[in-house]
Amino acid sequence: MKIIGICLSMFIVLAGVSLGIDYLNKYELPTFRSLNPLYVMEIPELAIMYLLLLFLFIDPLFSFLQKRRNRK
């Protein structure tokens, strides 16, 4: 629980600093666009992100299917 609190507080502080710097530089972009990383990612970065997410879900799926086959 402590780790989640630390991560959340770091996110809030860093997002505040980023938005504060944008405000001081008169950067007029809506905040929802500046907080969403998917708007600024390039095509190769998106491909790598989706590939890593795919690897994250494929390994548990294969182990589940293998255990299911071994039961029969």
Side-chain angles (χ1 to χ4, degrees):
M1 197 66 176
K2 235 193 274 190
I3 293 174
I4 294 172
I6 290 170
C7 291
L8 187 62
S9 64
M10 285 175 55
F11 171 74
I12 291 170
V13 168
L14 291 174
V17 167
S18 175
L19 292 174
I21 289 171
D22 288 345
Y23 179 72
L24 289 175
N25 288 331
K26 307 286 192 261
Y27 191 63
E28 307 259 342
L29 192 71
T31 57
F32 71 91
R33 286 188 63 91
S34 63
L35 290 178
N36 192 349
L38 296 177
Y39 285 124
V40 296
M41 292 178 83
E42 298 289 329
I43 299 296
E45 293 171 334
L46 285 171
I48 291 171
M49 182 188 73
Y50 289 133
L51 186 67
L52 290 175
L53 286 173
L54 183 70
F55 287 151
L56 181 70
F57 290 112
I58 280 185
D59 188 39
L61 181 68
F62 280 150
S63 65
F64 171 74
L65 292 175
Q66 187 177 19
K67 287 179 185 177
R68 189 172 174 197
R69 287 182 191 148
N70 289 338
R71 287 185 200 162
K72 292 182 179 181

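In this text the structure is predicted, and so the values were computed from the model without any measurement.
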Interatomic distance, I48 atom CD1 to L53 atom CG [nearest 0.5 angstrom]: 12.0 Å
Taking atom CG of L54 and atom CG of L61, what is their separation to the nearest 0.5 Å? 10.0 Å
Tell me, do M49 and L52 make a side-chain contact under 4.5 Å, heavy atoms counted? no
Euclidean distance, K67 NZ relative to F62 CZ, rounded to 0.5 Å: 15.0 Å
Are L46 and L56 linked, directly or through other ILVMFWY residues, by side chains that come within less than 4.5 angstrom of each other? yes
Counting only N and O atoms by type, is there a donor-acceptor contact under 3.5 Å from the side chain of S9 to the main-chain atoms of G5? yes
Could you tell me which residues satisfy side chain to side chain contact (heavy atoms under 4.5 Å, CB included) with I3, sequence neighbours excluded, listed by chain and number? C7
Under the side chain to side chain contact (heavy atoms under 4.5 Å, CB included) rule, collect the residues that match up with Q66, sequence neighbours excluded. N70
